[in-house]
Amino acid sequence: MRSLFKNVWFKCITALLLIAAVSGGLLSVLNDVLFVSAEERTDRAIVKIYGELKQYDVEYDAAQDGAETIDYGYGRIDKVFTVDNGADYLFKTTGYRGYKEGTITLWVRVSVNGGVYSIEKVVLESYEKQTLMSKLGGEYYGKFRLSDVTAEYKAGRLFSATDEDKNYNAVSGATFSATAGNNAVNCVLKYLSDKETANED
């Protein structure tokens with residue numbers, strides 16, 4: 001038995017088991033300590049966009065059980081909030097067709113004034129597979145400001161990185177990433193236009 005404890009293999013296996021036990025314990029503790037709830041992530045996004053926490057209500061959340069997926073083929077709506085008792089809409093939306101078929105997820109703030117929807121601000125949330133995101137700066141996001149979302153949509157002026165007859169928003173050297181960002185915002189245009197059409201009916 002004494003020779004077993006002196007065996008090199010025994011010592012290695014014991015060391016590995018101790019490392020695994022300590023690492024597992026640390027991971028479980030850190031998982032609890034660093035966990036961020038969906039509500040807290042939303043609060044952080046609102047502070048990032050508005051500079052302060054605002055009152056909001058959930059209009060749509062794709063993560064809720066039984067929620068019908070809102071996917072337009074070129075992108076999807078992940079979340080929709082009404083902010084300040086309906087003065088604003090805040091969208092979390094994901095655009096497809098980025099570099100290597102990756103995606104870009106944005107927060108889009110839309111103000112409502114006399115029934116007219118206007119895009120006020122667009123903020124990057126996350127992205128997948130995009131390697132040139134540094135090229136998509138303030139000028140790119142600033143071009144998403146629209147004074148009348150539904151008028152642009154009805155006129156067929158979606159955001160495009162390739163068609164200058166539309167709302168042209170391209171970035172040299174990062175066309176695919178720009179396309180995914182454009183598609184994310186186009187989902188907002190489509191959603192609000194559908195909403196206005198439903199209200200007219």
Inset, instruction - Would you kindly confirm whether Val58 and Leu53 end up in one hydrophobic cluster when ILVMFWY residues are joined by side chain heavy atoms under 4.5 Å apart? - result: yes

Legend entry - Backbone of Asn169 reached by a side-chain donor or acceptor of Asn182 within 3.5 Å: yes

Legend entry - Approximate separation, where rounding is to 0.5 Å, of Asp61 CG and Ile77 CD1: 12.0 Å

Inset, instruction - Show your reasoning for whether side-chain contact (heavy atoms from CB on, under 4.5 Å) applies to Leu146 and Phe159. - result: CA-CA 11 Å; Leu146 288 179; Phe159 286 97; 3.8 Å; yes

Legend entry - For the student: nearest non-hydrogen atoms of Gln130 and Gly102, plus distance: NE2-CA, 3.4 Å

Legend entry - Test item: Tyr140 side-chain N/O and Ala178 main-chain N/O as donor-acceptor pair under 3.5 Å: yes

Inset, instruction - Verify, without hydrogens or angle tests, whether Thr103 (side chain) and Gly95 (backbone) share a donor-acceptor contact under 3.5 angstrom. - result: no

Inset, instruction - Give the cluster check for Tyr191 versus Ile119: same hydrophobic cluster or not, with ILVMFWY residues linked at side-chain heavy-atom distances below 4.5 Å. - result: yes

Inset, instruction - Answer yes or no: are there more than 12 heavy-atom neighbours, outside Phe81 itself, under 6.0 Å from its atom CZ? - result: yes

Legend entry - Test item: Lys121 side-chain N/O and Ile49 main-chain N/O as donor-acceptor pair under 3.5 Å: yes

Inset, instruction - Verify, without hydrogens or angle tests, whether Glu152 (side chain) and Thr150 (backbone) share a donor-acceptor contact under 3.5 angstrom. - result: no

Legend entry - Nearest atoms (heavy-atom pairs only) where Ala174 meets Lys135: CB-CD, 4.0 Å

Legend entry - Interatomic distance, Tyr153 atom OH to Asp148 atom CG [nearest 0.5 angstrom]: 14.5 Å

Inset, instruction - Please confirm whether the backbone N or O of Asn85 pairs with a side-chain atom of Gln55, one donor and one acceptor, at under 3.5 Å? - result: no

Inset, instruction - Measure the spacing between NZ of Lys190 and CG of Asn186 and express it to the nearest 0.5 Å. - result: 11.5 Å

Inset, instruction - Assign the ring pair Tyr141 / Phe144 to parallel, tilted or perpendicular, where the plane angle (0 to 90°) is split at 30° and 60°. - result: tilted

Inset, instruction - Return the minimal non-hydrogen interatomic distance between Lys154 and Glu196, and the atom names on each side. - result: NZ-OE1, 2.9 Å

Inset, instruction - Verify the cluster assignment for Met133 and Val171: are they in a single hydrophobic cluster under the rule of side-chain heavy atoms below 4.5 Å apart? - result: yes

Legend entry - Straight-line distance of Ser126 OG to Trp107 CH2, nearest 0.5 Å: 10.0 Å

Inset, instruction - Measure from the side-chain N and O atoms of Arg145 to the backbone N and O of Glu120, and report whether any donor-acceptor pair falls under 3.5 Å. - result: yes

Legend entry - Side-chain heavy-atom pair Lys195, Asn199 within 4.5 angstrom cut-off: yes

Legend entry - Separation of Leu189 CG from Arg157 CZ (nearest 0.5 Å): 10.5 Å

Legend entry - Tyr96 backbone acceptor or donor facing Asn183 side chain under 3.5 Å: yes

Legend entry - Candidate list Ile104, Leu136, Thr105, test side-chain contact (heavy atoms from CB on, under 4.5 Å), partner Leu124, passing option: Ile104

Inset, instruction - Please check if any side-chain donor atom of Tyr56 sits under 3.5 Å from a side-chain acceptor atom of Asp88, or the reverse. - result: no

Legend entry - Heavy-atom closest contact (Gly73 atom, Asp71 atom, distance): N-OD1, 2.8 Å

Legend entry - Atom pair NZ/CZ of Lys92 and Arg76 - distance to nearest 0.5 Å: 8.5 Å

Legend entry - Ile46 reachable from Phe91 in the ILVMFWY side-chain graph, under 4.5 Å edges: no

Inset, instruction - Consider only side-chain heavy atoms of I, L, V, M, F, W and Y, link residues closer than 4.5 Å, and tell whether Leu106 and Val47 are in one cluster. - result: no

Legend entry - Electrostatic pair Lys79:Glu125 at N-O distance under 4.0 angstrom: no

Legend entry - Side-chain donor-acceptor contact under 3.5 Å, Thr82 with Glu59: no

